[in-house]
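A quick write-up on the structure given underneath.
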Amino acid sequence: MKCYIGIDLGSTTTKAVIMDEHGEALGHGITNSRSNYDTASRVAKMEAVISTRFTLFRHRLERVPELKGDISGLLADLERSFRLELFLEQLEDLHQTCSKNVDTVPGIDSSEAVHEALEEIFRNLAKTLEELFAPGAERKSDFFRDLAGSVYMQVSEDVARQTGLSYDPLLNIYDKSIIEVENRPPSANLDEKFLAALDRVTREKRIDEKLLRKPIEDALKEEIEECYTVGTGYGRVRLPFPKENIRSEILCHGLGAHLMYPGTRTVLDIGGQDTKGIQVDENGIVANFQMNDRCAAGCGRYLGYIADEMNMGLHELGPMAMKSTRTVRINSTCTVFAGAELRDRLSLGEKREDIIAGLHRAIILRSMSILSRSGGVSDEFTFTGGVAKNEAAVKELRKLVEENYGDITINIDPDSIYTGALGAAEFAKRSGIEKPLH
Amino acid sequence: MATEDIIERCTGLYEDLDFTAARQWKDGAPDRKVIGYMPIYVPEEIIHAAGMMPLGVVGGGDQMEVIHGDAYYQSYICRIPRSTIELGVTGKLDFLDGMLFPSICDVIRNLSGMWQLIRPDMYVQYFDVPQNFEDGVGGEYYVRELEHLRDGLAALAGRSISDDDINQSIAVYNERRRLVREIYKLRAETPWMVPTSEVYLLMRAGLVIPVEEHIQIMKEYLAAAPGEDRPLRDACRVVISGSFCEQPPLNLIKSIEMSGCYIVDDDYMLGNRWLLNDVATDGNPLEMLSDAFLHHSADTAAKYCARKEDVGQYLLQSVKDNNAEGVIFAAASFCDPALLERPMLADRMSEHGVPHISFKYAENSGQMQPIREQAGTFADTLKLWS
Amino acid sequence: MSNNPEIVKESSMVMQKEMIANNYDQLTSTAETGRKVVSTFVPGNLNELIMCFGLLNNLPEINAIQNGMRKKSGAMIMDAERSGHSEDVCTYVKSDIGQMSKGNVAPNGKPMPPPDLLLLSYTGCFTFMKWFELLRHEYGCETVMLQVPYTGAGEITDNMRDYVVKQLKEDVIPALERVSGVKFDIDLLRENLRRSAEAEDNLVWVLESAKNIRSPIDAYFGGVYYIGPIFTAFRGTQDAVDYYRVLRSEIETRLAEQKGPVTPEGDMQEEKYRLVVEGPPNWTSFRDFWKMFYDEGAVIVASTYTKVGGVYDQGFRHDPDRPLESLAEYCLGCYTNRNLPNRVNMLVDYVNEYQADGLLINSIKSCNSFSAGQLMMMQQVEKRTGKPAGFIETDLVDPRYFSAANVKNRLESYFQMIEQKRSKTEAA
Amino acid sequence: MTITAGIDVGTGAIKAVLFESEGDDNKWLARRNFRVRQRDPLKLARTAFEEVLEEAGIAEDDVHYTATTGDGESIPFATGHFYSMTTHARGAIYLEPDARSVLDIGALHGRAIKIDGRGKVLTYRMTSQCASGSGQFLENIARYLGIAQSEIGPLSLQADDPENVSSICAVLAETDVINMVSRGITAPNILRGIHLSMAGRLAKLLRVVKAEDGVVFLSGGLALDEGLLAALNDSMEKMNLKIEAKNHPDSMFAGAIGAAVWGSYRYHKLLEQGVLAKAS
Ligand SMILES: Nc1ncnc2c1ncn2[C@@H]1O[C@H](COP(=O)(O)OP(=O)(O)O)[C@@H](O)[C@H]1O
Ligand SMILES: Nc1ncnc2c1ncn2[C@@H]1O[C@H](COP(=O)(O)OP(=O)(O)O)[C@@H](O)[C@H]1O
Ligand code: SF4
Ligand code: SF4
Ligand code: SF4
């Protein structure tokens, strides 16, 4: 099967979208943008391939008459189990790496005690992770780093307290090891994991294995042929691509938003360290755009700092802000000082959720200015980028758009974080069909 | 009235971004007109003489959410023009019949053009002032600019403005100037009785209400203040310099006081103290206003100082007159005039052994911790070591 | 201009280089020659008048630019900040003050003499006033102020002109007489002004040659060289007259040969985008900045920066018959002394008359005079021309504020947007 | 004999000390230093206070004056508060009598304070808001690189070709660093680059306050970072500042020490005036 790939190498996350020659997006993948952009785009692409496989499974399973009606649940179970397989493998890797790193971290009196503590921590981790992947469980994030990290912190603080070890070296070991692990994409064969996941699901759900095995194996045999790749995003200059395979993220976001919602005339994208207001015409062609100036105040990273400061997951910020009853006015959106501002407010006795709500409003106010600079908001308006996942931000945005521009259709796709990559994939398809890459 | 009530009224005026008091005044009679003006100084007498009300516009403070204003300004430009534009774009200044932009810096200067672009129908004037202080050169130019202003306002008012009209207005403003001076004097003598946060609000009120009402409020305050029971605190005496345009948030003024400083002189809202003495009411009023402007007006960085020796003398005099122990240079971030001038003033203070510190603020500064830290250390030092 | 050995230098370039070197040599040899030095600014630069007194003209802005291009300004600015100057203010000022603290060495490596007079032509920029107060603070020399009122209502009034003329007569000329010991001769001034006008005619011709599709010049990156002599210590000299004559004939040849603009890497090839630029350039990475344009086939066909030291393409000429009045009008008419509606009009006309693809604003952190209000200007120009505008931010001579990756990212996006829009118009 | 406690509430760490003084003789009884790491600073301050009391075997009621500094203005059990620069100046003189200037380098700020031999603040200068040269930033980067706090210094000292970190904004600098890593720049060179950029800024502050004699005393959370110290001495040399920067093993306690010492001074002042304040 001929496939076209768009990669959006963002400052926080790297996204990939795989598109077929008819323009259908088959799969997408996301990963943390890490120290090595090559790895990041490789991992994102691999994730997109995984997601494409699931799309292909769906296509095949839809043709199995006996399964009628129950595919989505089945696929979700499959995916969950598959992730768990991946995570367990990475966890094992992390465990070994941590053990190996014990001796390289200073400030450790008894490495034996640390090794013991690590055993305990990882026993706990494996258990907690399996729980996190139990049917119906909620997860803070889908990144290994986030999940493993937050569990590790909790567990190691407990273990440290019980054993009288100091907490800092344990953290240092983690900090050091997670990087190594992240930079190693899962090594073993993906197909094997798909099949292992299949086994697990059929066992859990008592489904006849034979019904599923053949279609899944067939889907796995289908070749995903990479015909043309276009890169975009902040790190695009670092992509190992020739110039004609690179598009500015403005064009990609414009086009991506147009593909998702053809009626789009204004796009707001809030990414990790930039905010863009884009005006597009009926063909998704960019008519005007503005970005934040050199100051990264009020971009997505700001929320990251806040989440770190509060020791919360990014996912949890929005819901917490939604609980607010009165908004505290926050005037500085300087990312670096976000933490200080937060502490300042807390010490004045303001409530957490009110402050957080204020912070969200501050971000949105800033993007309203950028929109205003780019020519305002016209119907329809599409909100993209990581921050679009945040309900509190969305709520403020709706309010302010209505106050300033009246009644406007606001589109937010659950997959809006992939908008740039989708646009890039479409560019890849257009170029690839014109002149295939050799 | 007790000071508390007076200050509450002033606080209400300060927080009212809709300028209700001015709107009410305007609605009081069909042909009333309100003319907005920006810092530092315009000859309000001429507006008053035209039967109009001058309204001081000094940005939106820390309570306003700025959206469109930020769209028009880069991050390296001070705050006051953006919140002022926001006030304009969001219709809060729609009731104005004119806007005056006095010469102070390039930002306000360019804002005058922006206002012409967003309000092409409005009476919008850039009001230039002389930087040449000779009667025959700068004075002559200024008198003709004043005539131009008078004629423009007369046309807007639909009636002529006579010398008598202006002289009468000068008399009213003379009274205001006297009261302002009195309040400043009282604060310098007994700063614990007259906190700066109150003086500030009193002065701010003058921007947004008719001058006659302002005179009344100040009289009431002067009558009430000595009756308050306020303990003397262990604080040092400082002069604030550099805050003549964009205003600090009230919290900042309070933080300075809380961290152990009595403010005994300042250049907040200097417009109502710009002319230092009474202006004669028995001559050609424009020439008298010009004479006062050229020879008896306050000093700020927005003014050219013709002689090297004179730089900083005004501030030094204030330190001496008010028995201050130190100077706090507090300028708005990105305020070119204040920040360019500061090294020269600081040198002058050091020459005369006047301790000083400096920091920057924005009208919407939220974090007071660094301010307290600096003002507090300054106060600690002046206290522990004197 | 170009240090690239493969590029044949046009003779105008050689001429200009010599003129500048010569001027610095004169400035740095006053100890021997006994000549007196006046410092003044590019906008409102009264070179013709200064020449009447045999005084040398030193322009601190130009020194800052020279230091910027030689990558020396960064250290100077930091020096000034160390001695208490705010990071928020104009970097020309700090570069100048830093240069002083570093021994005040001229670009030719010799020490610069202290000025004998600071001629503060307060034209179009508030910072000028404080800048010279700061210099006076350091040098303690005589300072004379020439206040040029801002044309806030969009026109030059009689009161403004009279005020400037009066200051010239009563303050500036007496000060120049005092410092030089030379009596003012108005006929000499007329003679100088006549030469100015002649050079101005040729300069305007050169700038307007960019109206040709396939422009023979770049009116911004190249333009800053073309305006050099007329904005600085040469207006009114025979050297300037000769320079502009030669320059014009060179451009005539380029035009005839259908050549594009010269760049540091030779003649520019394809002309893909035609832009109008508002705002001064960045000097510390001037070459890299320029390269981002010519590599993409972008030519600047008109710019406002080349009008800061005088707006000549809108009809103004120095006039020997009204010497002081025309000097006054010159000052009053400089680009940054014009109000915003007028600046918008100029930009709209440029976009239309030069058939540009759009307006690009290079917003300079240092310069409130230029930058405050630019975003509204941009909006107005977009609205009135229907052409897309781009916006980038850099600084004049502070290398910390030139983020190449950031600027390149925006420019690329801007060019791709023009391209995309254009292919749509073609398809339609 | 006066017992005083000094509590320095920092953004990164809480420091508490207990002193016993007799005239000009100040004896150090106990100390605590807790990293905040996402815990409630005010609670930690209380814990630290209790632990120093316990270590010295002193009851809370026997403390004559509890002085806070840093962000501790709102600590309920304090007798009084001194502002950081006042306390760091005094603490510096206590630990290093030859100190004539202090560089207080914390999580979000850097300050240069010029002082005299008695610990009086003469002038000071702080880094401006946009500061990639802050402890927080260094900490983030180190975590990012998987390097323990205590390794930063030693690693930085191994640099052979330090990379230039120029961004003023920490967020953008973070991206710069990411780029560096993907260009294969080694951790020591990156760290040294950050150190140099911080040191340049700090040395600039020292220049501005005209620190020209005596020792430059490092205090605050980053004082013990040897890499930074080395970079700083380099930078000062480059700027022709002919003074030497030094730290002290107890540098991090300078603020708390200063608070305790001033507390005792203040206690006697109050005693003289007859206005005896007591810890609540
Ligand atoms: N689930 C989420 N909930 C809230 N915010 C999120 C979520 N996921 C990502 N974000 C925000 O989105 C930002 C990243 O957005 P993204 O569009 O990926 O940026 P970039 O393209 O610059 O990497 C993060 O900094 C974070 O603030
Ligand atoms: N115990 C410690 N060990 C290592 N580093 C520390 C320690 N305490 C503080 N730091 C570093 O110093 C930084 C700030 O410390 P801190 O003294 O709390 O600053 P401040 O008091 O100025 O807020 C922290 O971000 C961390 O990088
Ligand atoms: S440090 Fe803060 S204010 Fe400065 S550029 Fe970065 S985000 Fe903006
Ligand atoms: S704050 Fe300063 S720079 Fe800003 S408008 Fe006022 S005077 Fe001008
Ligand atoms: S502010 Fe602008 S016009 Fe003024 S000196 Fe600086 S660069 Fe020149």
Side-chain angles (χ1 to χ4, degrees), chain B residues 75-76 78-79 231-236 251 254-261 325-335 339 342-343 346-347 349-350 353-362 364-386, chain D residues 8-11 67-74 80-90 102 104 106-131 168-169 208-210 255 258-259 261-263 265-266 268-270 273 275 277:
Chain B
S75 55
Y76 51 77
C78 56
R79 297 282 321 169
L232 172 63
R233 282 187 306 135
D234 178 18
C236 62
N251 260 340
K254 289 182 178 163
S255 297
I256 293 176
E257 293 192 297
M258 260 160 33
S259 60
C261 300
E325 295 161 87
V327 171
I328 295 185
F329 292 106
S333 291
F334 305 108
C335 177
L339 294 171
R342 197 174 62 194
D347 280 1
M349 293 307 113
S350 302
V354 179
H356 51 87
I357 58 165
S358 58
F359 52 73
K360 295 186 288 187
Y361 62 84
N364 64 343
S365 294
Q367 281 181 47
M368 293 302 146
Q369 205 267 340
I371 304 288
R372 286 200 306 275
E373 200 65 65
Q374 297 180 66
T377 302
F378 193 52
D380 279 351
T381 310
L382 292 175
K383 275 185 302 195
L384 287 169
W385 300 99
S386 53
Chain D
D8 180 0
V9 181
T11 23
T68 53
T69 185
D71 292 340
E73 279 149 314
S74 57
H81 182 84
F82 298 97
Y83 289 90
S84 305
M85 290 187 269
T86 316
T87 54
H88 279 255
R90 188 64 187 85
V102 183
D104 167 16
L108 290 172
H109 65 259
R111 306 187 181 108
I113 313 166
K114 186 178 163 82
I115 61 175
D116 68 9
R118 303 163 301 163
K120 174 180 177 181
V121 176
L122 300 175
T123 48
Y124 66 85
R125 192 59 134 236
M126 303 181 163
T127 43
S128 65
Q129 166 134 342
C130 291
I168 299 198
C169 168
V208 178
V209 301
K210 305 205 168 66
V261 174
W262 278 130
Y265 171 86
R266 199 69 197 150
H268 289 287
K269 256 279 174 56
L270 293 173
Q273 294 171 359
V275 226

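All values below come from the heavy atoms of this structure, side chains included, with hydrogens, waters and symmetry mates left out.
Heavy atoms of Ser259(B) lying under 4.5 Å from chain D belong to its backbone as well as its side chain. When heavy atoms are compared at a cutoff of 4.5 Å, Arg266(D) approaches chain B solely by way of its side chain, counted from C-beta outward. If you measure heavy-atom distances from Glu373(B) to chain D, the contacts under 4.5 Å come from both the backbone and the side chain.
Counting heavy atoms of neighbouring residues, nucleotides and ligands inside a 6.0 Å radius, atom NZ of Lys210(D) does not exceed 12 of them.
Most heavy-atom pairs under 4.5 Å with chain D, from the set Arg372(B), Gln369(B), His356(B): that is Arg372(B).
Residues passing the salt bridge (Lys or Arg N to Asp or Glu O under 4.0 Å) test with Arg79(B), sequence neighbours excluded: Asp70(B). Not counting sequence neighbours, Asn364(B) has no partner by the side chain to side chain donor-acceptor pair (under 3.5 Å) test.
Taken to the nearest 0.5 Å, the OH atom of Tyr124(D) stands 7.0 Å off from the OG1 atom of Thr377(B).
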